[in-house]
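Only one structure is covered here, and it is reproduced in the block below.
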Amino acid sequence: MHRRSLHALIAAVSSVGLLSAACSSSVKVVPFEGADSNPDCLALTERWPSTAGGQQARVTAADSEMVQAWGDPAIIGRCGAPPPGPTTDQCLDIDGVDWVATELDDGVRFTTYGRNPAIEVLVPDDYQPEALVMPAFADVARAMPRTGGECS
């Protein structure tokens with residue numbers, strides 16, 4: 001399986017505005033298309049954790065509460081990801097929530113499995129083990145409607 005670099009993923013999508021470090025300490029994070037009008041994503045804005053992996057929330061340059069960032073390098077959380085279909089990527093139950101873990105060269109992309117809309121969390125390798133970061137997102141993930149899929 002071809003693994004992509006988290007930094008390469010960030011750089012590739014920065015050109016379309018997903019994420020880039022601004023000159024200030026804020027992080028530019030763009031929500032998934034349609035997330036700002038998705039009632040399930042709108043309902044989670046009070047559920048984003050204040051810390052993730054022991055890292056404090058950071059200021060983002062996004063004009064949306066559907067995205068959040070923590071620490072430096074930034075852990076990124078976004079609501080409204082397309083739900084993953086069948087995959088050979090690892091599927092983990094972390095704190096009662098199923099996540100598809102896609103290994104990148106320098107981090108892991110976690111996407112909720114069996115929930116729509118999905119939550120995506122990008123965790124740089126600086127935060128090891130990643131499983132210590134992910135319980136912070138359990139309440140957010142549980143707020144998303146279940147679709148019946150689960151890790152097997």
_Quick check on the hydrophobic clustering: are Leu92 and Met134 connected, directly or via other members, by side-chain heavy-atom contacts under 4.5 Å?_
yes
_Test log, rule side-chain contact (heavy atoms from CB on, under 4.5 Å), inputs Leu44 and Leu42_ = CA-CA 6 Å; Leu44 77 73; Leu42 291 169; over 6 Å; no
_Are Asp139 and Pro49 packed together at the side-chain level, in the sense that at least one heavy-atom pair is separated by less than 4.5 angstrom?_
no
*Shortest non-hydrogen contact from Cys79 toward Ala35*: O-CB, 3.4 Å
*Go through Met66 and Val29 one step at a time and tell me if the side-chain contact (heavy atoms from CB on, under 4.5 Å) criterion holds.*
CA-CA 9 Å; Met66 302 313 118; Val29 185; over 6 Å; no
*Between Asp36 and Ser64, a side-chain donor and acceptor under 3.5 Å*: yes
_Let me confirm one number: the CZ-OG1 distance from Phe137 to Thr112, rounded to the nearest 0.5 Å._
12.0 Å
*Mark yes when over 12 heavy atoms from residues, nucleotides or ligands other than Arg47 sit less than 6.0 Å from its CZ; otherwise mark no.*
no
*Verify, without hydrogens or angle tests, whether Gln128 (side chain) and Asp125 (backbone) share a donor-acceptor contact under 3.5 angstrom.*
yes
*Going by heavy atoms in the side chains, are Glu120 and Phe110 under 4.5 Å from each other?*
no
*side-chain contact (heavy atoms from CB on, under 4.5 Å) between Val59 and Val27, worked out*: CA-CA 7 Å; Val59 174; Val27 176; over 6 Å; no
*Using a 4.5 Å cut-off on heavy atoms from C-beta on, say whether the side chain of Thr60 contacts that of Arg58.*
no
*Below 6.0 angstrom between ring centroids: does that apply to Tyr127 and Trp70?*
no
*Please tell me if the side chains of Ile119 and Met144 come closer than 4.5 Å, counting only heavy atoms from C-beta onward.*
yes
_Pairwise distance CD1(Ile94) to CH2(Trp99) - rounded to 0.5 angstrom_ = 7.5 Å
_Contact list for residues 92-152, test disulfide bond (SG atoms under 2.5 Å apart), sequence neighbours left out_ = Cys91-Cys151
*Could you tell me whether the side chain of Arg78 reaches within less than 4.5 Å of the side chain of Thr111, counting heavy atoms only?*
no
*asked:* Would you say that Leu122 contacts Ile75 through its side chain, given a criterion of any heavy-atom pair below 4.5 Å between the two side chains?
replied: no
*asked:* When you compare the side chain of Arg146 with that of Asn116, does any pair of heavy atoms fall below 4.5 Å?
replied: no
_Taking Trp48 as the starting point, is it possible to reach Val123 by hopping between hydrophobic residues whose side chains are less than 4.5 Å apart?_
yes
*Does some side-chain heavy atom of Phe32 sit less than 4.5 Å from a side-chain heavy atom of Asn38?*
no
*Between CD on residue Glu65 and CD on residue Glu46, distance to nearest 0.5 Å*: 7.0 Å
_Minimum-distance pair of heavy atoms, taken over all atoms of Pro117 and Gly80_ = CB-CA, 3.8 Å
_Applying side-chain contact (heavy atoms from CB on, under 4.5 Å) to Arg115 and Val97, what does each step give before you reach the verdict?_
CA-CA 10 Å; Arg115 298 183 187 266; Val97 176; 4.3 Å; yes
